[in-house]
Amino acid sequence: MAQLGGGVPASGAAPPARPGRHRLLPYLLLLPGAAWLVLFFVVPLVQLAAASLYDPTGSLSTGYVLTWAFGNYPEALQAYAPQFARSFGYAGAALVLALLLGYPLAYAIAQKAGRWKNLLLVCVVAPMFTSFLVRTLAWKTILSDNGALVGLLRDVHLLGPDGRLLATPVAVVLGLTYNFLPFLVLPLYASLERLDHRLLEAAGDLYAGPLHAFRTVTLPLSMPGLIAGTLLFFIPATGDYINAELLGTPNEYMIGNVIDSAFLVRLDYPQGAALSFLLMAAILAVVFVYLRRAGTEEVL
């Protein structure tokens, strides 16, 4: 018998589990990750917020005073509005180009590559094994005025005799596209790899053409990977400054270049912090609107 009279457990029976311990276990497992986020994300974010409200007349030599100078934000935005617009414009153009290249590539690897699938995935990821700086410097060589690419474009009259690619917006957009393309391809591949071919066959049986089947079957089923990939591409591309620094001129500088200069060259910490917060707020707003629209279209 498991129990004696009166509900007393029999001798040798295991004591009942304590429900409180099981309720606390998930929170205990979350503690290391939560502590990491607090230490390396929340604390620096609070310090950055405080720096953005320092007295703008302070300096490293005389010190900074927290005067709750909210005027740092409109002043920074007014001074560098063109760089903000340029950052989102370049990132958006690079995203469109990456989609034109990345979606067919991800589809081909997921559905058509066969036994070459793993090799092609390695080729997509392999450039990331080298430094971001080295990859961008390689593009500087490829796009140089004496390079083979510019020579070919001049020969086919797509560029004039004095035309160039380096130190132009085109070079910056190409650099952004190349450097962040794997972040778009890999989530797309993960969604397209799970695509059920029977759904495409059913669409064909219902007289759907290839374009109609893509719009009604393939594209909706790949939306999770498409949304994740576009965000992983667009967010770092907007804040990037290496491509504009190496492939462009000051006329192509993005807001990341201004923030880098504010912190490391001009030592204007209040302005650099204010610009950083403005950039984060703008990206969050764009992401929020995008997710709302993408979620609505996915439901429809």
Side-chain angles (χ1 to χ4, degrees), residues 33 36-37 40-42 44-45 84 86-111 113 117-118 120-136 138-139 172-195 218-247 254-257 259-260 276-298:
W36 180 273
L37 287 176
F40 294 104
F41 179 75
V42 176
L45 193 64
F84 266 105
R86 192 177 298 133
S87 297
F88 283 92
Y90 286 173
L95 177 59
V96 172
L97 182 57
L99 284 172
L100 294 176
L101 297 173
Y103 201 105
L105 176 61
Y107 184 87
I109 296 175
Q111 300 295 326
K117 182 182 300 184
N118 292 334
L120 291 175
L121 283 175
V122 171
C123 292
V124 171
V125 181
M128 302 183 69
F129 295 165
T130 61
S131 168
F132 188 96
L133 184 62
V134 171
R135 300 200 306 269
T136 309
W139 268 94
V172 179
V173 171
L174 289 176
L176 291 172
T177 304
Y178 169 77
N179 279 306
F180 296 110
L181 185 62
F183 295 108
L184 176 67
V185 172
L186 293 180
L188 268 174
Y189 163 79
S191 289
L192 291 169
E193 199 270 337
R194 295 193 296 267
L195 184 64
T218 305
L219 184 60
L221 291 178
S222 66
M223 280 301 292
L226 183 62
I227 293 173
T230 51
L231 291 179
L232 289 173
F233 183 99
F234 182 79
I235 293 174
T238 306
D240 180 72
Y241 65 97
I242 296 296
N243 287 277
E245 180 77 27
L246 297 180
L247 303 179
M254 301 165 65
I255 195 62
N257 300 96
I259 295 174
D260 173 69
S276 300
F277 259 87
L278 287 171
L279 179 60
M280 285 189 289
I283 290 176
L284 285 175
V286 171
V287 169
F288 178 77
V289 172
Y290 172 69
L291 290 178
R292 288 288 299 272
R293 291 181 62 86
T296 303
E297 292 176 0
E298 188 175 359

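Computation of the quantities below employed the complete heavy-atom set of this structure, encompassing side-chain atoms and omitting hydrogens, waters and symmetry-equivalent molecules.
- Scanning both residues, L231 and P236, for their nearest heavy atoms gives O-CD, 4.0 Å.
- Proximity of V172 to R86: side-chain heavy atoms (C-beta onward) are nowhere separated by under 4.5 Å.
- One distance of note links CE of M254 with CG of L176; it measures 5.0 Å at 0.5 Å rounding.
- Counting only distance, with no hydrogens or angles, the side chain of S191 and the backbone of L188 share no donor-acceptor pair below 3.5 Å.
- Nearest heavy-atom pair, T238 versus F234, reported as atom, atom and distance to 0.1 Å: OG1-O, 2.7 Å.
- Inter-residue side-chain proximity for V185 and L101 is flagged as unmet; no heavy-atom pair is nearer than 4.5 Å.
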> Checking side chain to side chain contact (heavy atoms under 4.5 Å, CB included) for the pair L99/L226: CA distance, chi angles, key distance, verdict?
Replying inline: CA-CA 9 Å; L99 284 172; L226 183 62; 3.6 Å; yes
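- By the 4.5 Å heavy-atom criterion applied to side chains, L246 and L133 are counted as neighbours.
- From F132, atom CZ reaches atom CD1 of I242 across 6.5 Å, with rounding to the nearest 0.5 Å.
- The aromatic rings of F233 and F180 sit perpendicular to each other, their planes meeting at more than 60°, with 30° as the lower class boundary.
- Taking all atoms of both residues into account, the shortest heavy-atom contact from Y241 to N257 is O-ND2, 2.9 Å.
- Side chains of L186 and V125 form a contact here, defined as non-hydrogen atoms less than 4.5 Å apart.
- By the 4.5 Å heavy-atom criterion applied to side chains, I283 and L279 are counted as neighbours.
- Nearest heavy-atom pair, N243 versus D240, reported as atom, atom and distance to 0.1 Å: ND2-OD2, 2.8 Å.
- For the side chain to side chain donor-acceptor pair (under 3.5 Å) condition, the pairs that include at least one residue of residues 89-106, sequence neighbours left out, are Y103-S222.
- Between the CZ atom of F288 and the CZ atom of R293 there is a distance of 13.0 Å, given to the nearest 0.5 Å.
- Between L184 and T230, the closest heavy-atom pair is CD1-N, 3.6 Å.
- Rounding to the nearest 0.5 Å gives a distance of 8.0 Å between CG of L284 and CE of M280.
- Here the closest heavy-atom approach between residue M128 and residue R135 is recorded as CA-NH1, 3.6 Å.
- Within the 3.5 Å criterion, the main-chain N or O of I255 finds a donor-acceptor partner in the side chain of S87.
- Checked against side chain to side chain donor-acceptor pair (under 3.5 Å), T218 has no partners two or more places apart in sequence or in another chain.
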